[in-house]
Protein chains: 2
Amino acid sequence: MYRIGELAKACHINNDTLRFYEKNGLLCPSSRTESGYRLYTEGDREILQFILRAKDVGFTLAEIKELLSIEINKADKACADVKILVDIKLNAVEKKLAELSRFHTSLKRLSDACCGSSISAEHCTILEALESDTDDVRHERHHKQGGK
Amino acid sequence: MYRIGELAKACHINNDTLRFYEKNGLLCPSSRTESGYRLYTEGDREILQFILRAKDVGFTLAEIKELLSIEINKADKACADVKILVDIKLNAVEKKLAELSRFHTSLKRLSDACCGSSISAEHCTILEALESDTDDVRHERHHKQGGK
DNA sequence: ATAAACCTTGGAGGTAGGTCACAGGTCAAG
DNA sequence: CTTGACCTGTGACCTACCTCCAAGGTTTAT
Ligand SMILES: [Zn+2]
Ligand SMILES: [Zn+2]
Ligand SMILES: [Zn+2]
Ligand SMILES: [Zn+2]
């Protein structure tokens with residue numbers, strides 16, 4: 001049996017994080033001492049590690065909650081139920097990746113165009129690009145307007 | 001001169017967003033009517049578009065505030081001042097991109113390994129991977145531990 | 001004249017995932 | 001018996017960016 005501080009230390013997280021997970025229904029300690037201290041079992045620790053691993057592949061806590069509810073009664077669930085969650089996430093990650101790549105492309109272009117010297121910024125190409133709407137700043141303008 | 005609703009509509013944003021930008025020192029209307037209505041000039045509109053373009057390449061409002069303070073007195077600033085902001089952002093974007101790619105790799109591996117059928121999830125490779133700490137879930141474990 | 005559409009302020013709420021502070025209770029060691 | 005480490009609950013705060021509400025004042029159109 002772990003007390004909160006022990007489990008937290010063992011898993012390199014904060015005591016408050018464990019309380020937070022409990023408040024949000026992700027991990028409740030199996031029991032309490034008479035004086036109210038939380039007591040976590042080995043099983044609890046395994047659940048926590050499940051949570052931490054899921055976080056590590058990018059799932060949000062809300063998504064992890066869904067995963068846990070499947071994990072807890074696997075027998076009544078199908079492989080497809082699990083895979084759907086992963087694929088939805090995969091899709092979301094791909095979308096974010098695309099947006100970030102767009103940012104990256106734009107920023108790189110801005111950076112490369114600027115001389116970066118100690119000369120006055122009055123003719124800085126970066127500022128100019130942000131002042132006037134040119135393709136140098138945003139290639140996606142028309143896509144975004146049309147897509148909305 | 002634009003009233004708040006006119007400017008908002010012209011730039012496809014919410015009136016409240018304009019008030020929010022004002023409250024946060026990003027864009028203050030040049031004047032007000034006797035009754036207190038905000039009045040924006042063409043110049044104000046250009047600043048707003050600067051803000052929206054900067055947002056579009058990924059800058060946060062705090063970063064945009066810095067960019068604006070340079071833009072407003074360009075003459076006293078150097079190209080390097082601008083480029084530094086862009087390069088810091090570029091770096092941050094690259095880091096996020098790397099994290100997301102890591103998520104993507106892990107999720108893809110999980111998805112590919114799961115049969116996705118309607119058979120019981122008891123043998124699901126995704127759940128198994130999340131239950132026990134294997135390289136199938138996280139390649140980066142050692143990097144992360146060492147790097148902290 | 002009056003209703004619709006617009007504007008004002010202030011403040012709350014919401015997402016995501018915690019972190020921190022406070023005031024006090026519990027427990028082991030010396 | 002006292003110190004210090006640990007625990008409890010509640011609730012505020014943080015980043016980031018708005019969005020919405022209430023209660024009321026102003027313009028504009030009919
Ligand atoms: Zn230059
Ligand atoms: Zn420059
Ligand atoms: Zn399967
Ligand atoms: Zn499966």
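A, B, ... follow the sequence lines: proteins, then strands. Residue 1 opens every chain.
- Under the 4.5 angstrom side-chain criterion for Ile, Leu, Val, Met, Phe, Trp and Tyr, B:Tyr37 has no cluster partners at all.
- Through direct or indirect side-chain contacts shorter than 4.5 Å among Ile, Leu, Val, Met, Phe, Trp and Tyr, B:Ile72 is connected to no other residue.
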Shorter than 3.5 Å, N or O on both sides, protein versus nucleotides 24-28 of chain D: list them out with atom names.
unit_1 : atom_1 : unit_2  : atom_2 : d
D:dG25 : N2     : B:Tyr37 : OH     : 2.6
D:dT26 : O4'    : B:Tyr37 : OH     : 3.1
D:dT26 : O3'    : B:Ser35 : OG     : 3.4
D:dT27 : OP1    : B:Ser35 : OG     : 2.9

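- Taking 4.0 Å as the cutoff to heavy atoms of chain B, we find the contact window on DNA chain C bounded by C:dC6 to C:dT9.
- For the side-chain contact (heavy atoms from CB on, under 4.5 Å) test, residues two or more places apart in sequence or in another chain that qualify with A:Ser120 are A:Glu122.
- Through side-chain heavy atoms spaced under 4.5 Å, either directly or across other Ile, Leu, Val, Met, Phe, Trp or Tyr residues, A:Leu39 is tied to A:Met1.
- Heavy atoms of other residues, nucleotides or ligands lying less than 6.0 angstrom from NE2 of A:His123 number 12 at most.
- The salt bridge (Lys or Arg N to Asp or Glu O under 4.0 Å) check on B:Asp112 picks up B:Lys108, with sequence neighbours excluded.
- Residue pairs meeting the salt bridge (charged side-chain N to carboxylate O under 4.0 Å, His left out) criterion with at least one member in residues 81-96 of chain A, sequence neighbours excluded, are A:Glu63-A:Lys89.
- Applying the salt bridge (Lys or Arg N to Asp or Glu O under 4.0 Å) test to B:Lys77 and every residue at least two apart in sequence or in another chain returns nothing.
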Protein proximity profile, nucleotides 10-23 of chain D - base contact B, sugar-phosphate-only contact S, no contact -, cut-off 4.0 Å on heavy atoms: -------BBBB---
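- Scanning for salt bridge (Lys or Arg N to Asp or Glu O under 4.0 Å) contacts around B:Glu71 gives an empty result, with sequence neighbours left out.
- For A:Glu22, the side-chain contact (heavy atoms from CB on, under 4.5 Å) partners at least two apart in sequence or on another chain are A:Cys28, A:Pro29, A:Arg32, A:Arg38, A:Tyr40.
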